[in-house]
Each structure stands twice: as C-alpha cells, then as structure tokens.
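Here is the structure we will look at, set down as structure tokens.
Residue numbering restarts at 1 for every chain, and letters A, B, ... go by the order of the sequence lines. Quick note: numbers below take in every heavy atom, side chains included, and nothing from hydrogens, waters or symmetry partners.
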There are 2 protein chains.
Amino acid sequence: MATPAEKHLYPIVNTDVALFTLIDMQLRVLLIRRANRPDPGGWALPGGIIKPEIDHSLEDAARRMLVAKTAVNVPHLEQVMTYSGPHRDPRGWSVSVLFFALLPSDQVSAVAGSKTEATDWANPEKPGRRLSFDHDQMRVAALTALRTKVEHGALPLHLLPARFTLTDVQRACEAIMGRAIDKSSFRRQMKTARDLVPVAGAFVRGAQRPAQVYRAAAGFAF
Amino acid sequence: MATPAEKHLYPIVNTDVALFTLIDMQLRVLLIRRANRPDPGGWALPGGIIKPEIDHSLEDAARRMLVAKTAVNVPHLEQVMTYSGPHRDPRGWSVSVLFFALLPSDQVSAVAGSKTEATDWANPEKPGRRLSFDHDQMRVAALTALRTKVEHGALPLHLLPARFTLTDVQRACEAIMGRAIDKSSFRRQMKTARDLVPVAGAFVRGAQRPAQVYRAAAGFAF
DNA sequence: GCAATAGTGTCTATTAGACAATATGGG
DNA sequence: CCCATATTGTCTAATAGACACTATTGC
C-alpha cells in the first residue's frame with residue numbers, strides 16, 4: 001500500500017464500462033452491486049483500478065475487468081471520457097476512464113455475475129436507482145456517445161448476432177435512439193452502407209414474406 | 001520519489017494540450033522544445049505530470065501547465081482522448097489525457113515561452129518535424145476533434161477577438177477545415193446561429209461596403 | 001383468402017452548393 | 001467612376017421524412 005503522502009503524488013487510475021446490450025430489443029446497461037468498499041451495496045458501472053503490471057493499456061484493463069465480472073469478452077469497446085478530481089472517489093484523488101461496450105444480444109445469457117456481486121440489466125435512461133460515485137453522469141455520457149455514433153450513421157451490428165435482418169438493424173437503432181425510425185428512409189441508407197453483406201440464399205421465414213439475412217462486412221468497424 | 005515497485009502500482013498521470021490559434025488567418029498549433037528528460041531537445045505538445053495536491057481536476061492541471069509555459073489563460077479547453085500504456089513514456093506506465101485549446105488570435109503576442117524552452121507555432125497538418133512520444137498521434141487526433149466540431153456547426157469564436165465580422169468567422173472555419181467554404185451557404189447558416197449578436201452601429205470600414213461587427217452571445221459555448 | 005411483415009415507390013419540404021447579382025463604401 | 005469586398009438572391013441537386021403501395025409467405 002502507498003502511504004498518504006504517496007496517495008497525493010499518484011492518483012488512483014481506474015476504468016469503468018457502460019456495457020450495453022439488447023434484451024427483447026430494448027437497450028439495457030449492466031449495473032453491478034458493489035461488494036467491497038467504498039460504497040458497498042451501491043449500484044455502479046463495472047470497473048476497477050488498473051494493474052500496470054498486467055494491463056497493456058486502459059482498453060486492456062477495461063476488458064480484463066469486464067471478463068472478470070461477467071465472463072464474456074466484448075466485440076467493441078470505445079473510450080467516452082475521462083473523469084477526475086479529489087472527491088469523486090472517497091479513496092482520494094482519482095482518474096477514471098469511461099468506456100462503452102457492446103454485447104451481442106445472443107450472449108446475454110453467458111454473462112455471469114460473480115458470487116459476491118449481484119448484477120442487473122437496467123434501462124440506461126431510467127435505471128431506477130442512484131448509482132455510486134459519479135456513475136450517473138457516466139451513464140448519461142455513455143448513452144449520449146452511443147447515440148451520437150448511431151445518429152451519424154454508424155450501424156450497431158455488435159449488438160446483434162452474427163446473422164441478422166434489416167429489420168433487426170432498424171429495431172436496434174430504434175432501441176438506442178429511443179424513437180421510431182421510418183422504414184423506407186432507413187432502408188435507403190442501408191443500401192449505400194458498405195458494412196452490410198447479404199448472405200446468399202439465407203432468409204428468415206415466418207408468416208410473411210421471407211427476410212434477407214445479412215452479415216457484417218469483413219473489416220467492419222463500428 | 002517512488003520506488004520502482006510503486007511505479008508499477010501507480011501509473012504516471014499527465015495532461016497534454018494541443019493549443020490552436022490563428023496567425024495571419026492560418027491555423028497553428030503550439031509546440032515546445034523539451035528542456036528536460038525524457039527526450040530533451042525534442043518537440044512536443046505542452047503538458048506535464050499532474051499535481052494532485054494543487055490540481056482540482058485534469059482540466060485544471062492542463063490549464064495550470066499552459067499558464068506556466070505560455071503565460072496565457074485560454075478561453076476554451078476540451079478533452080479529446082486519453083492515451084495509455086507501458087511504453088509511450090520512457091519513465092514507465094503512463095496515462096496522458098489530451099485536450100485541445102483555443103487561443104484568440106489577438107493574444108498570440110502575449111504567449112511567452114519560458115527561458116529554458118523554445119516554442120514554435122507549427123502548421124498542425126505538416127508540423128515539419130517529428131514530435132516526441134506519441135504526440136504526433138495526439139496532434140492528428142486533436143485536429144480531427146476540432147474539425148469535427150466545426151463540421152457539425154460549432155463556431156470557433158474563441159479563436160477570434162471579441163469583435164469580428166462574418167468574414168472573419170468564415171476565414172477561421174476555412175483555416176480549420178483546410179478548404180474553401182461557399183460564402184452564401186455559410187452566411188445562410190450564420191443567420192440561424194443564435195451564438196452571433198450584431199453590435200449595433202459597429203462596422204468595419206475599408207475600400208468597400210462596411211461589414212457588420214458581431215460578438216459572441218452571452219452564454220456562448222463552443 | 002387473410003394476417004403479417006418484407007420490401008419498394010412517390011411526393012414533398014428542407015438543405016447545401018454553385019454561382020450570379022446587387023450594395024456601399026474609399027479613392 | 002472604379003475597385004474591392006459585403007451582402008443578398010436564384011437555381012439546382014441531394015436528402016430525409018411521411019406515407020402509400022406491392023410482394024410473399026404461413027395458416
């Protein structure tokens with residue numbers, strides 16, 4: 001442990017992650033009930049203090065902690081903002097790098113909370129409880145960052161299984177944006193999107209006209 | 001000083017700033033010739049290690065270091081990205097929070113380099129030299145962040161004196177974007193911009209029709 | 001046939017770019 | 001008057017939203 005004097009010289013550095021997924025085509029964010037100090041029992045975004053001896057970067061650290069807390073590895077992790085100050089964490093002057101991450105909807109069941117920490121997939125707009133530290137501010141910032149990307153045309157394919165229909169993509173965008181999107185306009189945009197590749201001969205069938213199945217293009221980046 | 005073991009437990013945390021201004025209506029970024037280790041003699045963005053005992057946030061730290069190195073206080077400072085890793089700084093595992101800042105063009109002459117460090121206002125697209133550490137990557141990221149904001153309609157009024165003409169704003173945007181902008185389209189947008197307030201009766205005169213003088217609206221935020 | 005959803009077409013309002021035209025000063 | 005730049009107007013192409021229409025299946 002560092003002495004108090006050293007605490008003044010070296011801030012605590014940690015990462016926090018807003019892990020988004022789709023459950024029943026509704027956008028959800030993962031919250032974890034804290035087992036340890038500070039604020040035991042409080043709900044917070046998953047995160048923790050980085051370990052320079054094993055982490056090669058902040059992204060690596062965030063991914064390591066997500067694997068530790070959820071047992072899943074996410075396909076997309078993206079920096080949102082860095083928070084700082086002497087009082088945001090009761091342990092002292094701290095720096096926290098916030099990421100958002102996307103988890104495919106078909107991997108939600110693979111998420112396992114650790115034995116000492118309960119988990120909850122909360123509505124990111126109305127989580128229904130206050131979050132520890134400044135994590136409410138982080139939640140809003142992460143949601144805004146995600147929406148901004150989708151607003152500007154990025155396709156949230158990492159929230160979907162490997163194969164999906166255009167309707168799936170539209171539902172995902174609607175869940176993120178929190179509003180309905182016109183089908184015709186949306187598909188017009190999809191036609192010019194090079195990220196989508198139709199899977200020849202693959203259709204989703206049901207009590208309606210079959211829907212073309214797509215996959216993400218090779219080299220797709222959210 | 002921390003021992004090597006402590007260095008492994010606590011990363012170095014520092015801030016770096018890409019300080020932009022306009023010189024002869026050309027976009028420039030401030031580089032500082034490093035006086036100390038590591039990489040003495042190298043050119044880099046101004047920055048340094050934060051001091052938790054005096055800094056209340058990373059923004060404060062970045063501002064403090066800018067004042068120390070340039071003797072000017074900037075009207076706008078904005079977070080771009082946080083860089084990290086064990087090798088980006090030879091002193092060990094480090095975290096660096098990058099900001100960009102805007103300096104009004106009429107305050108360039110107030111910038112004073114310290115006695116031990118030379119300064120240069122470089123072209124941010126082609127600085128003409130390699131930068132220390134990962135600062136070339138930072139330079140590109142800061143320029144991109146600035147351009148993205150202006151592309152999306154933000155007015156870079158913090159680069160201009162308190163009073164300016166619409167042509168000044170257009171020239172500033174052109175300098176940032178690196179391309180010509182159509183006068184008519186630009187002014188159409190300005191008409192709907194609530195950030196601009198015409199100064200009644202104030203005109204810039206010359207060998208042509210007088211130009212209306214504007215100021216930033218109260219509460220203007222870049 | 002009917003329900004349900006996939007996929008397409010059409011109209012319109014808005015917007016950005018190109019470019020022309022006009023306005024108003026100094027000299 | 002002439003020059004230079006401010007300011008405005010016009011035309012057009014591209015785009016997004018609203019909404020209607022057609023297509024293809026299971027039952």
Side-chain angles (χ1 to χ4, degrees), chain A residues 22 24-26 105 147-157 160-161 163-215, chain B residues 22 24-25 147-157 160-161 163-215:
Chain A
L22 294 174
D24 297 333
M25 275 297 176
Q26 306 258 303
S105 56
R147 285 184 169 167
T148 298
K149 280 205 80 160
V150 172
E151 182 83 62
H152 291 4
L155 300 181
L157 306 185
L160 298 172
R163 303 298 169 97
F164 47 82
T165 67
L166 289 187
T167 300
D168 291 336
V169 181
Q170 185 179 342
R171 294 281 173 273
C173 289
E174 288 175 331
I176 291 168
M177 300 308 295
R179 61 177 176 83
I181 298 171
D182 181 77
K183 182 170 51 167
S184 177
S185 303
F186 186 79
R187 283 165 179 262
R188 221 169 10 209
Q189 278 185 271
M190 294 308 101
K191 274 188 181 170
T192 66
R194 280 185 288 273
D195 292 329
L196 294 180
V197 178
V199 178
F203 293 90
V204 170
R205 297 180 169 280
Q208 68 277 349
R209 177 169 173 177
Q212 173 69 56
V213 168
Y214 291 79
R215 62 173 177 81
Chain B
L22 294 174
D24 298 333
M25 276 298 176
R147 285 183 170 168
T148 299
K149 280 206 80 159
V150 172
E151 184 83 61
H152 291 5
L155 299 180
L157 305 185
L160 298 171
R163 304 298 169 97
F164 48 82
T165 66
L166 290 187
T167 301
D168 291 336
V169 181
Q170 186 180 343
R171 295 278 175 275
C173 290
E174 290 175 331
I176 290 168
M177 300 308 296
R179 61 178 175 83
I181 297 170
D182 181 76
K183 184 170 47 168
S184 178
S185 303
F186 186 79
R187 283 165 178 261
R188 220 170 11 210
Q189 279 186 271
M190 294 307 102
K191 274 187 182 171
T192 66
R194 279 184 288 275
D195 292 329
L196 294 180
V197 178
V199 178
F203 294 90
V204 169
R205 298 180 168 280
Q208 70 277 346
R209 178 169 174 177
Q212 174 69 55
V213 169
Y214 290 79
R215 64 174 175 82

Inset, instruction - Please list, by residue number, the residues of residues 193-201 of chain B whose heavy atoms come closer than 4.0 Å to an atom of DNA chain D; answer none if no residue qualifies. - result: none
Legend entry - Where protein sits on nucleotides 2-11 of chain D, one letter per nucleotide: B base, S sugar-phosphate only, - none, heavy atoms under 4.0 Å: -BBBBBBBB-
Non-neighbouring partners of [X] that pass side-chain hydrogen bond (donor to acceptor under 3.5 Å, both in side chains), sequence neighbours left out:
X: B/D195; result: none
X: A/S105; result: none
X: A/Q170; result: A/E174
X: A/K149; result: A/E78

Legend entry - Spacing between A/Q170 atom CD and D/dG17 atom P, to the nearest angstrom: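 Nearest whole value for this atom pair: 12 Å.
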Inset, instruction - Take the angle between the ring planes of A/H152 and B/H152 and call it parallel below 30°, perpendicular above 60°, tilted in between. - result: perpendicular
Inset, instruction - State which residues pass side-chain contact (heavy atoms from CB on, under 4.5 Å) with B/R163; sequence neighbours excluded, sorted by chain then number. - result: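 Scan of B/R163 (side-chain contact (heavy atoms from CB on, under 4.5 Å), adjacent residues dropped) gives B/V199, B/V213, B/R215.
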Legend entry - Partner residues of B/R194 under the side-chain contact (heavy atoms from CB on, under 4.5 Å) criterion, sequence neighbours left out: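 If we apply the side-chain contact (heavy atoms from CB on, under 4.5 Å) test to B/R194, skipping adjacent residues, there are no hits.
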Legend entry - Close side-chain approach of A/L160 to A/Y214, heavy-atom, < 4.5 Å: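 No, their side chains stay 4.5 Å or more apart.
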Legend entry - Start and end of the DNA chain C segment that chain B contacts, any atom under 4.0 Å from a heavy atom: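 Answer, 5' to 3': C/dA16 to C/dG26.
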Legend entry - Pairs touching residues 196-209 of chain A that satisfy side-chain hydrogen bond (donor to acceptor under 3.5 Å, both in side chains), sequence neighbours left out: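 Not a single pair qualifies under side-chain hydrogen bond (donor to acceptor under 3.5 Å, both in side chains).
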Inset, instruction - Go through the structure and list residues passing salt bridge (Lys or Arg N to Asp or Glu O under 4.0 Å) with B/R188, not counting sequence neighbours. - result: none
